[in-house]
Amino acid sequence: LFGIPFSVCILVIVALISFWLLNRTTFGRQVYAVGGNKEASNLSGVSSRRITTVSYAISGFTAALAGIVLASMNQQAIAKAAQGYENDVLTAIVVGGTSLMGGEGSLQGAMFGALLVGMINNGLRLLGVPSTYHSVVKGIVIIVAVAADAYGRYKNSGLKRSGVLTRIFNRKEGSVKPI
């Protein structure tokens, strides 16, 4: 379409609809509320069961659309065509800033994460890294992103550290405290 691959057009259309749905509608606010704290959203009058069901239905529709696009790109429809993509998706989501605890994240972050994962995949292929190590690199990226998210949550929580290592390092010379 105008020199642009049709799969990119579908991506842009779905992204725009998703952005509008999540950021400009009551449904989007309810999705974030249920993802952040299901019990609190129930107490606020949000039907978490309905929101979860509709969210899964939308997710299923977009997964089917992605399967159709992948089948058209591969020019064949086999069950194992997308095998191994779950690692790429998880990496894109976590790197994009979506918390695995729920309730946080954005479409823009997910798109950035997908772009970054595509660049990592392309870079690994161009560098000639064997494909057996691609999942190792992406696993390391996931670990770093989750650690950064956990550290940010901890740093902003206002909690005081009181672990064993903190007590050891905060001991003064000459005073012995039991560990």
Side-chain angles (χ1 to χ4, degrees), residues 1 4-74 77-118 120-121 135 138-139 141-161:
L1 187 65
I4 301 171
F6 199 64
S7 58
V8 174
C9 294
I10 292 173
L11 170 73
V12 169
I13 291 169
V14 170
L16 289 174
I17 292 171
S18 300
F19 180 81
W20 175 79
L21 194 64
L22 287 173
N23 295 314
R24 304 283 186 229
T25 64
T26 305
F27 173 75
R29 279 186 239 111
Q30 291 174 347
V31 167
Y32 279 113
V34 170
N37 190 339
K38 187 176 181 178
E39 293 302 319
S41 63
N42 276 337
L43 293 173
S44 298
V46 175
S47 173
S48 63
R49 185 177 211 153
R50 182 183 64 85
I51 295 297
T52 304
T53 303
V54 172
S55 296
Y56 276 121
I58 292 170
S59 177
F61 172 76
T62 56
L65 188 62
I68 292 168
V69 169
L70 181 65
S72 69
M73 287 174 54
N74 290 341
I78 57 173
K80 292 185 176 185
Q83 189 174 10
Y85 282 177
E86 60 276 353
N87 193 14
D88 290 348
V89 170
L90 182 62
T91 305
I93 294 299
V94 170
V95 167
T98 300
S99 175
L100 295 179
M101 299 300 184
E104 292 180 15
S106 66
L107 182 68
Q108 303 92 318
M111 297 294 284
F112 169 75
L115 181 66
L116 187 64
V117 167
I120 289 172
N121 285 338
S135 60
K138 287 179 238 172
V141 170
I142 290 173
I143 290 170
V144 168
V146 169
D149 179 50
Y151 180 74
R153 282 178 175 273
Y154 167 76
K155 200 72 169 163
N156 295 329
S157 69
L159 297 176
K160 183 178 178 185
R161 292 181 77 168

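The minimum heavy-atom distance between N42 and V46, with the atom names listed, is OD1-O, 3.2 Å. The heavy-atom pair separating L107 from A15 by the smallest distance is CD2-O, 3.0 Å. Closest approach of A110 and I93 over heavy atoms only: CB-CD1, 4.0 Å. Heavy atoms only, all atoms of each residue included: T91 and V117 are closest at CG2-CG2, 3.6 Å. In this structure, T98 and S106 approach most closely via the heavy-atom pair OG1-N, 4.3 Å. Shown here for A114 and A92, the closest heavy-atom pair between the two residues is N-CB, 3.5 Å.
Distance CG/N23 to CZ/R29: 9.5 Å, rounded to 0.5 Å. Note: Q30 CD to S44 OG = 10.0 Å, rounded to the nearest 0.5 Å. Separation of atoms CD1 (I4) and CG (L11) is listed at 11.5 Å; rounding is to 0.5 Å. Interatomic distance, NZ of K38 versus CD1 of I51, reported as 12.0 Å (0.5 Å rounding). In this structure, CD1 in I68 is found 13.5 Å from OG in S7, a value given to the nearest 0.5 Å. For the atom pair OG1 (T62) and CD1 (I58), the distance works out to 8.5 Å, reported to the nearest 0.5 Å.
Listed for the T52 side chain is no donor-acceptor partner under 3.5 Å among the backbone atoms of R49. Side-chain atoms of S18 come within 3.5 Å of backbone atoms of V14 as a donor-acceptor pair (strictly under, hydrogens ignored).
Remark: of the listed residues L16, I17, I10, I17 is the sole one forming a side-chain contact (heavy atoms from CB on, under 4.5 Å) with I13.
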Please determine whether side chain to side chain contact (heavy atoms under 4.5 Å, CB included) holds for the pair L70 and Y85, giving the CA-CA distance in whole Å, both sets of side-chain angles, and the decisive distance to 0.1 Å.
CA-CA 11 Å; L70 181 65; Y85 282 177; 4.1 Å; yes

For K138 and L90, what are the C-alpha separation, side-chain angles and deciding distance, and is it a side chain to side chain contact (heavy atoms under 4.5 Å, CB included)?
CA-CA 9 Å; K138 287 179 238 172; L90 182 62; over 6 Å; no

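Around CZ of F27, the count of heavy atoms belonging to other residues, nucleotides or ligands within 6.0 Å exceeds 12.
There is no side-chain donor-acceptor pair under 3.5 Å between N87 and S135.
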